[in-house]
Structure formats: structure tokens, C-alpha cells
Amino acid sequence: MAYWIMKSEPSAYSWDQLMKDGKTNWSGVRNFQAAANLKAMKPGDRAFFYHSNEGLAIVGIMEIIKAAYPDPSDKEGRFVQVDVKPVEPMKTPVTLAAIKSEPKLKELKLVKQGRLSVSPVSAEEWKLLCKMGGVKG
DNA sequence: GCCAACGTTGGC
DNA sequence: GCCAACGTTGGC
């Protein structure tokens, strides 16, 4: 099983909204590197939900429930989306500041490549982030 | 609201 | 195939 971080601006689509919806299709990714990550996802993979611009924190854990398929909002058919469902909210949101101040997370893609909206997380990083958020994962 | 970083596009 | 210009993202 692989681990990921997926970003969304709360004003566009928030964790609360995902909890209400029960599941959603993660569409609108328009970056080839992020799209490549989407394509690498398998059902059962886990992903953190990160609030960008406002909040600046990991707020919950999601599960990938459907592998990548074409994003209908992309007319040229170059990009894909996956389906996700919420698993559990973080007890304590893991803020970007906290992540940056943790030396073990120096290599985290979220830190090194801030603009990438879908990025991989190693198993070690995943464990640590769960711990910081007060959840088992 | 500003600005830095980076990805994408298009001209050559 | 390179590189400058441009647009977008996201932290502060």
C-alpha cells in the first residue's frame, strides 16, 4: 500500500465537505507530475488531506477507492481523477509549521516541492505524521 | 495582497 | 530542442 498527500484549498473543497459527501472524485489536477502520482494510486492506498492557502495543515486521512480514470472536466483528456473517501479526521491538525520544524520530515515532498498538489509519502513519514496528528492511521 | 518558485507554452 | 515569457500556485 502506498501513501500520499493531496492538497485542496478549503474554499474550493474542504475536509468538512468531504465528510459530508462521504466520498468524492478528486478532479481538477492540471499538473503532469501530480497526474502521474494519481495514476500510480491503487484502491486501498491512503492519503492525507492537506488544506492549502487557509489552514495550512493536514486535517484528515482518506482512502483511495477507485484508481485513476479520465477527468471529465479536462476536455483534452490528458488528465485523470481518482475517487476517495474520508477515513478519519486528525485529532490535532498537523500544521505546515510543525512539519517544517521536524527534522525527520525534511525530505517530505510537501516541503521540498510545495507547489505539487499530489505527492508521495514514505511509510516512515506517514507513521510520524499520524503520530503528530494523534491518530493511528 | 504580494512575491517567489516553478511548470507550461510557444517562438525560434 | 532550447529558452524566454507567461501564468499559476501557495506561503507569508
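FYI, side chains are in, hydrogens and waters are out, and symmetry mates aren't considered; it's all heavy atoms of this structure. In what follows, chains are A, B, ... by sequence order, proteins preceding strands, each numbered from 1.
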Is any side-chain N or O of A:Lys100 closer than 4.0 Å to OP1 or OP2 of C:dC12? yes

When you measure from the side chain of A:His51 to the backbone of A:Trp15, do you find a donor-acceptor pair of N or O atoms at a distance under 3.5 Å? yes

OP1 or OP2 of C:dG11 under 4.0 Å from side-chain N/O of A:Tyr50: yes

Within this structure, what is the NZ-to-P distance between A:Lys7 and B:dC6, rounded to whole angstrom? 12 Å

Between C:dC12 (C1') and A:Asn53 (CG): distance, integer Å: 11 Å

When you get a sec, tell me which of B:dG7, C:dG10, B:dT9 is the closest nucleotide to the side chain of A:Gln33? B:dG7

Would you work out how much the helix from B:dG1-C:dC12 to B:dC12-C:dG1 bends between its ends, with each end axis defined by five base pairs, to 10 degrees? 10°

Could you give the CZ-to-C1' distance, from A:Arg78 to B:dT8, as a whole number of Å? 9 Å

Between A:Asp21 (side chain) and A:Lys23 (backbone), is there a donor-acceptor pair under 3.5 Å? no

Given atom NE2 of A:His51 and atom C1' of C:dT9, what is their separation to the nearest angstrom? 17 Å

Any carboxylate oxygen within less than 4.0 angstrom of a Lys/Arg side-chain nitrogen, looking at A:Arg78 and A:Asp71? no

Could you note down all residue pairs passing side-chain hydrogen bond (donor to acceptor under 3.5 Å, both in side chains) where residues 86-105 of chain A supplies at least one of them, sequence neighbours left out? none

How many Å lie between CD1 on A:Ile58 and P on C:dG11, as a whole number? 12 Å

Please determine if a side-chain N or O atom of A:Gln113 lies less than 4.0 Å away from the OP1 or OP2 oxygen of B:dG7. yes

May I ask you to decide if the ring planes of A:Phe48 and A:Trp126 are parallel, tilted or perpendicular, using 30° and 60° as cut-offs? parallel

Between C:dT9 (P) and A:Leu110 (CG): distance, integer Å: 16 Å

Whole-Å distance between C:dC12 C1' and A:Glu54 CD? 14 Å

Over 60° means perpendicular and under 30° means parallel, so tell me whether A:Tyr13 and A:Trp26 are parallel, tilted or perpendicular. perpendicular

Reckon A:Leu116 touches a base, only the sugar-phosphate, or nothing at all at heavy-atom distances under 4.0 Å? nothing

Checking contacts here: which listed nucleotide (C:dG10, B:dT8, B:dC6) is nearest the side-chain heavy atoms of A:Arg115? B:dC6

Taking only the side-chain heavy atoms of A:Phe32 (C-beta and beyond), determine which of C:dG10, C:dG11, B:dT9 contains the nearest atom. B:dT9

Salt bridge (Lys or Arg N to Asp or Glu O under 4.0 Å) partners for A:Asp45, two or more places apart: none

